[in-house]
Amino acid sequence: MSKILDTINSPQDLKKVPQENLGLVAEEIRQFIIDSVSGTGGHLASSLGVVELTVVLHYLFQAPRDFIFWDVGHQSYAHKILTGRKNNFKSLRQLGGISGFPNKYESPYDPVTCGHSSTSISTALGVAAARDLNNQKHKVVAVIGDAALAGGMAFEALNHSGHLKKDLIVILNDNEMSISPSIGAMAKYLNRIISAPVYNRVRKEVEGLVKRIPRYGFRVYRAAKKLEEGLKNLLIPGILFEELGFRYFGPIDGHNTDVLLATIKNVKDLNEPVLIHIITKKGKGFKYAEDTPDKFHGVGPFCAQTGEKVVQMGSGLEPDPICRQSFTEAFGEKIVELAGQNEKIVAVTAAMCDGTGLTEFSKEFPSRFFDVGIAEQHAVGFAAGMSLKGMAPVVAIYSTFLQRSYDQLMHDIALQNLHVVFAIDRAGLVGEDGPTHHGPFDIAYLSSVPNMVVMASADQKELCDMLEFAVGHNGPIAIRYPRGSIAPIGAAKQDIQLGKSQILRDGKDLAIIALGSMVSPSIQAADILGKEGIKSSVINARFAKPFDTSLFLDLSNRINKFLIVEEGIVQGGFGSNIIEFFHSQNKDVKIKLLGLPGMFIEHGPRDVLLERYGLSGRPIAESAKTLVSS
Ligand SMILES: Cc1ncc(C[n+]2csc(CCOP(=O)(O)OP(=O)(O)O)c2C)c(N)n1
């Protein structure tokens, strides 16, 4: 049977569909997403929750002339399907394929490339302000989730919007979920609005009353408005959005296209800041995602009939042959063990409890576990406070999201020389989530922070040892480790000592100094080189800051070719700091730096990207050969 969706390749096509069929279009898109994402993996649950909203927005607005911003952007699949990317959608998140997030280089319908939370209202307000300065006429819409709305940047933007009073539409997509259930006072506040039917009924009745009085309408309206304010104060604890300068509408059913259409149509030309509060279900229409939205937030390939995970050979997702624990799991297990021995240990996450491996900790030590919501700056400031009182906070965070907290690292932690441990997961290339989620910058940005110690783990066992060391250290200290797992590097036991690295191989032709995740491929490279008669020393650097100056100097007395390998940007990174050091010592050594280029790197399987950027065994060996023969 032919589908309506077959006839839709652009918002212009959608606009030709009779209004009564929009619900059907939404259903077809939903099925299309389930079928497609079951093959590719992706952010399923959030995308399923906004299908009706997406259809209605593209029906009513004139994108790309009107700007539509999707906060985070993980929910933008229906938007992609309606804006010319349907036929290529099966390439979602694949190398060279459609990006999993809005991407300005992919489509004129994506005004920005994004993937971090709570930015949409700020950007939308900036666009609205510039539009007015240019005397232009178009609409600006920001769609933001309830958890993202609780991020500090979103509050700052709401506050500024109320001041500027620009024509701006914010759609609050409230599904009461972050990745796990939304937490915090904002979540409770929204929940109270949803469950205040008395107020909504009275408001409707008051509006109806006003409409029925023709001659004295204005006076009655004013009286009714006063009554409304009174009722609100009485029945809704706080009228946050209106007090911030927004006209608030809702809550409305975000899965009913008729209701969405009527509401948005009615308020879209008010020409003032408007907030429309819609209620949706995360995972809507796919039973397994509705039942366990956290498991289907970001998901690998799965069976669309049973919801079971599918393992595709060669996808990088096949089970580990020796059932290796991931770095995340190793961290999760070790922190529970350490917290059992040391009651000062507390764990802090910014809405990534499961992703950072803290689920077990949250169950074992609920009073010492703090999920602050999507609020990385606050997470770091909060850890500073805990440390001031003698606790040992461990902030578990992804490298890319710690970027948010640079000033807190500097001002609230390092300047005070406070003991806070940063467990930095997803450092380096993350794979399919792409440039917004890769974490190649942390070595550079952390190494420039005074007092900060920066470690990198070569395998899961070393991560555990480093965590133990970090908890016992006194001062700011970070451990970075990659996504996934690395086979044990098989090194002899050697305790972690501040600033000391570990010699793994001793050879005279060149020294390969490898940091963290690059130790294993550097060993492989040394094996390849060995077969060709090139003898290399291999050093597991362990510390990017302070690094092992005495060993490196000692090596430079015997070897004058150094290959430094790191999974981070070369500019301002570990290797570049070593060059600076040798230079300061007037050492005449030949150094080649291997790392990631200082640019945003595309999405694709992690191993493929590592190979492409010269950071796996074979290309490292090639670089070493070039260096040796130079
Ligand atoms: C700064 C930042 N921190 C953390 C994340 C990881 N993250 C992605 S989506 C998400 C939850 C978003 O929840 P909500 O805004 O309510 O949208 P929903 O997925 O429920 O539609 C989180 C924590 C992120 N993308 N950006």
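Index from 1, following the sequence.
Aromatic rings of Phe101 and His603 (six-membered ring for Trp) have centroids beyond the 6.0 Å cut-off, not under it. Aromatic pair Phe552/Phe581: ring centres not closer than 6.0 Å. A distance of 6.0 Å or more separates the ring centres of His43 and Tyr77.
Using cut-offs of 30° and 60° on the angle between ring planes, the pair Tyr481 and Phe327 is parallel. A parallel orientation is assigned to the rings of Phe401 and Tyr398, their planes being inclined by less than 30° (bins at 30° and 60°).
Defined by atom type and a distance below 3.5 Å, a donor-acceptor pair is missing between the side-chain atoms of Asp425 and Thr356. Between Tyr109 and Ser76, the side chains place no donor N or O within less than 3.5 Å of an acceptor N or O (distance only, hydrogens not considered). A donor-acceptor pair shorter than 3.5 Å cannot be found between the side chains of Ser180 and Asp294. At a cut-off of 3.5 Å, with distance as the only test, a side-chain donor of His79 or Asp110 sits close to an acceptor on the other residue. Checking Glu376 against Ser405 by side-chain atom types alone, no donor-acceptor pair falls below 3.5 Å.
The backbone N or O of Ile489 sits nowhere less than 3.5 Å from a side-chain atom of Ser520 that would complete a donor-acceptor pair. The backbone N or O of Ala470 sits less than 3.5 Å from a side-chain atom of His419, completing a donor-acceptor pair.
Summarising the geometry, atom OG1 belonging to Thr359 is positioned 12.0 Å from atom CD belonging to Glu364; distances are rounded to the nearest 0.5 Å. Atom CD1 of Ile477 sits about 11.5 Å away from atom CG of Leu446, to the nearest 0.5 Å.
With salt bridges taken as basic N to acidic carboxylate O contacts below 4.0 Å, none links Lys590 and Asp588. Using a 4.0 Å cut-off between a side-chain N of Lys or Arg and a carboxylate O of Asp or Glu, Glu567 and Arg480 do not qualify as a salt bridge.
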